[in-house]
Amino acid sequence: MEVLSVLNLGEFAQIFSKMGMFPVFDLAYYIVSILYLKYEPGSVEVSRRSPVASWLCAMLYCFGSYILADIMLGSSPLDYFQHNSHILLASAVWYLIFYCPLNLFYKCVSFLPVKLVLVALKEVVRTRKIAAGVHHAHHAYHHGFFIMVIVGYVKGSGVALMSNFEQLLRGVWRPETNEILNMSFPTKASLYGALLFTLQEAHWLPVSKSTLILIFTLFMATSKVVMTARHSHGSPFALIESWVCHLLFGSPLGGSEEDHHHHAAPAAPSSPVKTKEELSEGTRKRKSKKAE
């Protein structure tokens with residue numbers, strides 16, 4: 001505790017937790033979200049064929065977690081669209097990523113050093129969304145701890161949970177990509193974060209909310225930056241999850257098996273060091289070159 005007091009961690013955490021997200025952090029969130037949308041198969045073709053469908057997909061990528069959480073809490077799914085500045089900012093990012101001449105904006109934001117900064121900023125927003133979701137659910141259902149966890153989880157990973165619905169807008173149907181069946185690191189981290197913030201909200205975790213926000217943000221940002229820089233899909237939770245699943249359910253988590261089947265599914269072999277987004281982007285570029 002003396003070390004923490006010397007470092008003024010509590011004071012710094014208070015300042016950090018009160019820092020506004022708009023426009024800098026939200027802008028980074030929208031850029032990374034729509035950047036990943038462009039990596040998805042068929043997204044560029046949809047943007048040429050139906051700009052309206054492409055825009056709706058982009059809005060789901062940016063605001064899907066808010067929409068899903070509002071539906072769960074009995075609010076209108078259109079509530080968040082009253083924030084005109086956020087919608088206009090996200091729409092501007094969508095237009096620049098898909099329609100900027102010579103793909104200049106896309107090339108700038110996908111440049112790895114720039115992308116790493118944007119990814120780190122996005123995780124700041126994700127942590128705030130988890131904390132806000134738990135807090136909102138706590139006010140609506142004061143003793144509904146499971147509801148707090150679910151809403152916080154949805155706020156942190158709602159985009160991934162709505163991915164199958166978004167695929168339908170693009171004319172793609174891939175049920176094997178269901179995020180519940182094959183959780184990515186951000187989805188798992190959102191669930192664990194929702195648990196931590198629920199414990200803190202119930203006063204079962206002896207730490208202030210501002211300190212928890214700071215610590216969890218540092219963990220998420222560091223993990224995602226390292227994973228993005230190394231083009232890795234590995235999870236820091238893999239070892240612990242495997243041990244816990246073996247202890248409680250008599251079998252390992254099956255991450256290696258799932259990864260094996262996941263990589264074996266495509267017809268053409270791909271390099272194991274590339275992420276799903278990079279593979280999709282490479283395929284899209286090859287198709288565009290053939291068309292030329």
Side-chain angles (χ1 to χ4, degrees), residues 32-33 36-37 39-43 57 59-74 77 122-123 126-127 129-134 136-137 141 144-198 216 220 223-224 227 232-266 275-277 279-280:
V32 175
S33 297
Y36 286 158
L37 170 62
Y39 290 153
E40 289 296 322
S43 61
C57 290
M59 295 304 103
L60 282 180
Y61 261 70
C62 293
F63 310 115
S65 56
Y66 298 103
I67 294 171
L68 191 55
D70 283 342
I71 292 174
M72 295 178 65
L73 291 173
K122 179 182 179 179
E123 295 311 311
R126 189 195 303 276
T127 303
K129 288 167 67 177
I130 296 171
V134 172
H136 188 185
Y141 303 92
F145 301 120
F146 287 102
I147 298 177
M148 295 179 205
V149 173
I150 293 171
V151 174
Y153 171 53
V154 166
K155 274 290 186 77
S157 59
V159 177
L161 296 174
M162 295 182 69
S163 60
N164 291 112
F165 177 71
E166 182 274 330
Q167 287 169 10
L168 291 176
L169 291 176
R170 286 189 286 113
V172 179
W173 176 242
R174 294 186 297 164
E176 72 278 3
T177 62
N178 189 310
E179 193 67 21
I180 299 296
L181 295 175
N182 302 291
M183 287 191 180
S184 60
F185 166 72
T187 305
K188 291 180 181 179
S190 297
L191 177 59
Y192 300 147
L195 285 168
L196 290 175
F197 281 104
T198 298
F216 194 75
M220 288 296 296
S223 299
K224 281 294 291 179
M227 292 171 65
S232 169
H233 274 305
S235 170
F237 308 125
L239 184 62
I240 298 175
E241 287 174 340
S242 180
W243 181 81
V244 170
C245 286
H246 179 72
L247 180 66
L248 296 180
F249 307 113
S251 62
L253 183 63
S256 57
E257 256 183 71
E258 288 173 5
D259 290 342
H260 172 73
H261 292 305
H262 177 72
H263 290 299
T275 63
K276 179 188 75 172
E277 292 83 6
L279 292 172
S280 301

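Under the 3.5 Å distance criterion, the side-chain polar atoms of S43 are matched with a main-chain donor or acceptor of E40. No donor-acceptor distance shorter than 3.5 angstrom exists from the side chain of N164 to the backbone of W173, with no hydrogens or angles considered. For E166 (side chain) and Y61 (main-chain N/O), no donor-acceptor pair under 3.5 Å exists by modelled atom type. At distances below 3.5 Å, at least one donor-acceptor pair connects side-chain atoms of R170 with backbone N or O atoms of P41. Without hydrogens or angle criteria, S242 side chain to A238 main chain gives no donor-acceptor distance under 3.5 Å.
Counting heavy-atom neighbours within 6.0 Å of I240 CD1, excluding the residue itself, gives a total of 12 or less. Remark: I71 CD1 is packed, more than 12 non-hydrogen atoms of other residues, nucleotides or ligands lying under 6.0 Å away.
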(request) Start with the C-alpha distance between E179 and S163, add both sets of side-chain angles, then the distance that settles side-chain hydrogen bond (donor to acceptor under 3.5 Å, both in side chains), and finish with yes or no. (result) CA-CA 8 Å; E179 193 67 21; S163 60; 5.3 Å; no

(message) What verdict does the side-chain contact (heavy atoms from CB on, under 4.5 Å) test give for V149 and L191, after you've listed the backbone C-alpha separation in whole Å, the side-chain angles of each residue and the deciding distance to 0.1 Å?
(response) CA-CA 7 Å; V149 173; L191 177 59; 4.1 Å; yes

(request) Show the numbers, then the answer: is there a side-chain contact (heavy atoms from CB on, under 4.5 Å) between N182 and N178? (result) CA-CA 6 Å; N182 302 291; N178 189 310; 5.8 Å; no

(request) Could you give me the CA-CA distance, side-chain angles and deciding distance for F197 and T127, then say whether side-chain contact (heavy atoms from CB on, under 4.5 Å) is met? (result) CA-CA 10 Å; F197 281 104; T127 303; 4.0 Å; yes

(message) Using the rule given for side-chain hydrogen bond (donor to acceptor under 3.5 Å, both in side chains), can you reason through S235 versus K188, listing the C-alpha separation, both sets of side-chain angles and the distance that settles it, and then say yes or no?
(response) CA-CA 9 Å; S235 170; K188 291 180 181 179; 4.9 Å; no

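In this model, no donor atom of one side chain and acceptor atom of the other lie less than 3.5 Å apart for S190 and T187.
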Report all side-chain donor-acceptor pairs from residues 150-161 shorter than 3.5 Å, counting only partners two or more places apart or in another chain.
unit_1: S157; atom_1: OG; unit_2: Y153; atom_2: O; d: 2.8

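You'll find the ring centres of F237 and F185 inside the 6.0 Å limit.
Residue I130 holds its CD1 atom at 15.5 Å from CE of M148, rounded to the nearest 0.5 Å. The CD atom of Q167 sits 12.0 Å away from the CE atom of M162 when rounded to the nearest 0.5 Å. M183 contributes atom CE, which lies 9.0 Å from atom CD of E241 (distance to the nearest 0.5 angstrom).
No side-chain heavy atom of V244 sits less than 4.5 Å from a side-chain heavy atom of F249.
Listed here is the closest heavy atom pair of T198 and F145: CG2-O, 3.7 Å.
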